[in-house]
Amino acid sequence: MKSFYLTTAIDYVNGSPHLGHAYEKVLTDVIARYRRLMGDQVHFLTGVDEHGQKVQMSARKKGIDPQQFCDETSLEFRALCTKLNISNDDFIRTTETRHKAVVRELLQRLFDKGEIYRAEYKGFYSTRQEQFLQEKDRLPDGSWPEIYGEVTEITESNYFFRLKNYQEWLIGYLQEHENFVFPRYRQKQVVEFLKEPLNDLCISRPRERLEWGIPLPFDEKYVTYVWFDALINYISAIWKDGAPDPRFWPVDFHVIGKDILVPPHAVYWPIMLKACGIEPPKALLAHGWWLQSGAKMSKSTGNAVNPLDLVGQFGADAFRYYLIREMNVGQDSDFSAEHFVIRYNSDLANDLGNLVNRTLNMTNRFGGGVIPAAEVEEEPEKELKDLWAKTQAEYTPLCEGLQFHSALERTFVFVKAINAYIEKRAPWKLGKSTEAADQARLRTSLATMAESLRLAATFIQPVMPGTTEKIHAALGYKAGAVWRDEHPWSTKLDGCKVEQGLVLFPRPEPAAPAAGAAPAQPKQPKQPKQG
RNA sequence: GCCAGAGUAGCUCAGUGGUAGAGCAGAGGACUCAUAAGCCUUUGGUCGCCGGUUCAAUCCCGGCCUCUGGCACCA
């Protein structure tokens with residue numbers, strides 16, 4: 001069985017989860033679920049980054065121990081995974097012993113090899129912000145901004161990692177591995193970055209300045225800083241006998257935000273691994289950001305909508321659907337609650353949810369609640385089956401290319417076609433006919449709509465696993481163990497007993513006529529005709 | 001400044017060397033199994049601007065404008 005290891009970035013616990021965290025987890029989860037369905041042995045890791053100055057300061061502000069602070073806030077991130085139905089196999093925290101041990105082991109290994117050395121670092125230090133400043137932090141007139149308070153030039157001794165020794169190696173590696181970074185154009189950014197000479201990387205902080213970190217094994221007066229702590233999580237979580245578990249390493253995908261691609265994941269990380277004698281990752285997937293231009297405006301009026309509230313209101317599957325359907329992986333996209341409601345109503349409630357409900361109702365009314373076998377194949381059936389063949393052919397390549405938004409789009413084209421098929425057959429008319437041929441067509445139409453619904457449900461599974469299960473259950477069906485065997489058009493449903501009715505995606509209550517932007521009013525009902 | 005991405009119907013986007021497409025929104029219609037859902041029909045665009053190559057460019061080339069992101073020790 002092929003193994004497939006993928007990770008999200010670990011989230012910094014000095015703050016609450018937001019849409020960006022949610023998206024990264026959902027995207028990674030969709031890939032993970034898809035690979036599992038394709039038969040891979042998946043290992044999906046996520047977690048939290050808990051060290052550093054900000055955590056130390058936040059804990060102090062609350063008057064609690066940093067560890068206690070981490071214990072509390074990391075729970076929020078775990079809760080987010082549960083809420084979004086994330087199927088991670090592991091959740092790592094950088095304050096765990098298993099992690100700290102590996103960090104120290106690798107630091108020692110590099111120190112022994114001479115990859116880490118001690119040197120003086122001279123710079124401008126802000127006591128108030130407890131950090132070194134950069135030349136770019138200066139105001140145009142050369143002074144330092146007010147927020148830094150008193151700035152003094154100090155010299156500090158620190159440990160450095162010989163990054164620049166590996167610059168040529170990395171450039172060559174990127175040439176040989178053109179698909180190291182997805183999307184491709186981001187790899188160009190990395191190559192561009194490497195045209196400038198690298199400096200060695202400062203990897204320590206003196207403990208008097210930063211207490212909350214992992215002490216260097218060869219000098220306990222220092223803790224390691226940021227990258228040699230956080231990035232290591234990807235291997236510390238699967239550490240086995242002095243190396244990352246060969247069943248999973250090298251990792252198939254590190255899913256990260258575009259903001260931490262260059263330089264941390266695309267430069268520091270491969271070089272760190274190379275220096276340790278460990279293989280680099282197979283690929284990095286840098287996703288874009290959700291912009292919330294609309295939210296900023298409403299914030300000023302105090303009406304800010306937290307996107308994560310939509311999960312509670314509409315369910316994890318609907319939320320996941322929106323994120324995956326709207327975002328072209330790698331690009332940025334705009335998030336708006338209005339847009340969300342429009343998609344929810346149109347795709348999920350009207351097209352899919354309503355289709356499920358009407359299929360169940362017709363099967364009960366015209367078929368006695370049991371899905372009959374198809375008996376004829378005329379133009380309407382042929383058209384629908386042809387479309388399925390086309391959908392099936394396109395689906396897998398799209399998913400393999402991470403084009404999940406397109407894969408969903410094709411699947412919903414098929415869903416719409418099922419609705420159109422039903423109109424063509426009009427079982428409610430066939431039901432009134434006593435002709436044997438019409439009765440055969442009626443049974444065929446019930447079988448066809450049920451089967452096509454089963455197939456559509458199968459294809460939405462990586463994105464909306466709960467919905468797939470509900471639809472299959474409503475059809476009285478339990479999917480087999482091998483997903484790909486579920487893809488072809490079949491007679492698997494013959495004789496299945498269906499449920500009474502099922503409203504999967506209830507339409508939201510009409511928005512209260514509160515001031516300002518009322519989101520997505522439901523369409524005005526048409527007046528029923530008199531008579 | 002440098003690098004990259006993007007500028008196509010009201011909105012979100014697809015697209016090909018031969019006088020433009022989808023979904024949503026809008027308009028009209030027939031139906032009733034259904035979450036007043038679904039189906040059918042339909043109104044919208046000098047495809048950022050200016051040149052060039054070509055029989056022919058939205059798609060090729062050059063220039064320009066606008067937007068977004070990155071340009072290191074900051075999660």
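Order of the sequence lines sets the chain letters (A, B, ...), proteins ahead of strands, with each chain counted from 1.
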Considering every strand and a 4.0 Å limit on heavy-atom distances, what is the contact class for [X]: base, sugar-phosphate, or nothing?
| X | value |
| --- | --- |
| A/Leu355 | nothing |
| A/Lys258 | sugar-phosphate |
| A/Phe412 | nothing |
| A/Ala420 | sugar-phosphate |
| A/Ile260 | base |
| A/Asp347 | nothing |
| A/Glu192 | sugar-phosphate |
| A/Asn14 | nothing |

Without decimals, in angstroms, what is the distance between [X] [atom1] and [N] [atom2]?
| X | N | atom1 | atom2 | answer |
| --- | --- | --- | --- | --- |
| A/Leu504 | B/U35 | CG | P | 13 Å |
| A/Asn345 | B/G38 | CG | C1' | 14 Å |
| A/Trp290 | B/U12 | CH2 | P | 13 Å |
| A/Lys429 | B/C31 | NZ | P | 8 Å |
| A/Phe69 | B/A75 | CZ | C1' | 13 Å |
| A/Glu326 | B/A14 | CD | P | 12 Å |
| A/Arg186 | B/C71 | CZ | P | 11 Å |
| A/Ile422 | B/C31 | CD1 | C1' | 14 Å |

Nearest to the side chain of [X], heavy atoms from C-beta on, is which of [options]?
| X | options | result |
| --- | --- | --- |
| A/Trp428 | B/A72, B/U35, B/C31 | B/C31 |
| A/Pro263 | B/A75, B/C31, B/A72 | B/A72 |
| A/Lys432 | B/C39, B/C73, B/U32 | B/U32 |
| A/Ser346 | B/U32, B/C24, B/A37 | B/C24 |
| A/Leu201 | B/C73, B/A37, B/U35 | B/C73 |
| A/Leu198 | B/A72, B/C24, B/U35 | B/A72 |

- Watson-Crick or G-U stems of RNA chain B, 3 or more pairs, under 3.5 Å, by first number: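 Counting only runs of 3 or more consecutive pairs, the stems involving RNA chain B are B:1-7 with B:65-71, B:10-13 with B:21-24, B:26-29 with B:39-42, B:48-52 with B:60-64.
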Is the distance from OP1 or OP2 of [N] to the nearest side-chain N or O of [X] less than 4.0 Å?
| X | N | value |
| --- | --- | --- |
| A/Arg358 | B/U35 | no |
| A/Tyr421 | B/G38 | no |
| A/Arg205 | B/C74 | yes |
| A/Lys416 | B/C24 | yes |
| A/Arg343 | B/G23 | no |
| A/Asn354 | B/G38 | no |

With rounding to whole Å, what would you report as the distance between [N] and [M] at their [atom1] atoms?
| N | M | atom1 | value |
| --- | --- | --- | --- |
| B/A56 | B/G52 | C1' | 14 Å |
| B/G44 | B/A22 | P | 13 Å |
| B/A37 | B/C24 | P | 13 Å |
| B/A9 | B/G70 | C1' | 33 Å |
| B/G45 | B/G21 | C1' | 11 Å |
| B/G29 | B/G38 | C1' | 14 Å |
| B/C47 | B/G17 | C1' | 15 Å |
| B/U43 | B/G23 | P | 13 Å |

- With A/Phe412, the ring-ring contact (aromatic ring centres under 6.0 Å, His included) member among A/Phe459, A/Tyr395, A/Tyr321: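 When ring-ring contact (aromatic ring centres under 6.0 Å, His included) is applied between A/Phe412 and each of A/Phe459, A/Tyr395, A/Tyr321, only A/Tyr321 qualifies.
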- A/Arg93 and A/Asp49 ion-paired at < 4.0 Å: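 No salt bridge links A/Arg93 with A/Asp49.
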- Electrostatic pair A/Arg325-A/Glu409, nearest N-O below 4.0 angstrom: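 Here A/Arg325 does not pair with A/Glu409 in a salt bridge, since their nearest N and O are not under 4.0 Å apart.
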- Results of side-chain contact (heavy atoms from CB on, under 4.5 Å) for A/Ser346 - residues two or more places apart only: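 None.
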- Query: Any donor-acceptor pair under 3.5 Å joining the side chain of A/Asp259 to the base of B/A75?
  - Reply: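 Indeed there is one.
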- Has the side chain of A/Glu423 got a donor or acceptor atom sitting under 3.5 Å from an opposite partner on the base of B/G38?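 Indeed, a donor on one side and an acceptor on the other fall under 3.5 Å apart.
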- On RNA chain B, check which nucleotide each of A/Glu196 and A/Gln189 is closest to and give me the residue with the more 5' one.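 In this pair, the answer is A/Gln189.
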- For B/G23, is chi within 90° of 0 (syn) or not (anti)?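 For B/G23, whose glycosidic angle is more than 90° from 0, the conformation is anti.
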Within a 6.0 Å radius of atom [atom1] on [X], are there more than 12 heavy atoms belonging to other residues, nucleotides or ligands?
| X | atom1 | result |
| --- | --- | --- |
| A/Lys470 | NZ | no |
| A/Lys390 | NZ | no |
| A/Glu435 | CD | no |

- Item | Distance, nearest 0.5 Å, that separates NZ of A/Lys188 from CD of A/Glu178 |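 Separation between the atoms: 10.5 Å.
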- Message: Checking A/Glu76 now: which residues fulfil salt bridge (charged side-chain N to carboxylate O under 4.0 Å, His left out) with it, not counting sequence neighbours?
- Response: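 For A/Glu76, no residue satisfies salt bridge (charged side-chain N to carboxylate O under 4.0 Å, His left out) once neighbours in sequence are set aside.
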- Item | Distance-only donor-acceptor check, side chains A/His265 and A/Tyr234, under 3.5 Å |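 Note: A/His265 and A/Tyr234 side chains meet the donor-acceptor criterion.
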- Query: Between A/Arg343 and A/Tyr322, is NZ or CZ placed under 6.0 angstrom from the six-membered ring centre and within 45° of the ring axis?
  - Reply: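 No, A/Arg343 and A/Tyr322 do not form such a contact.
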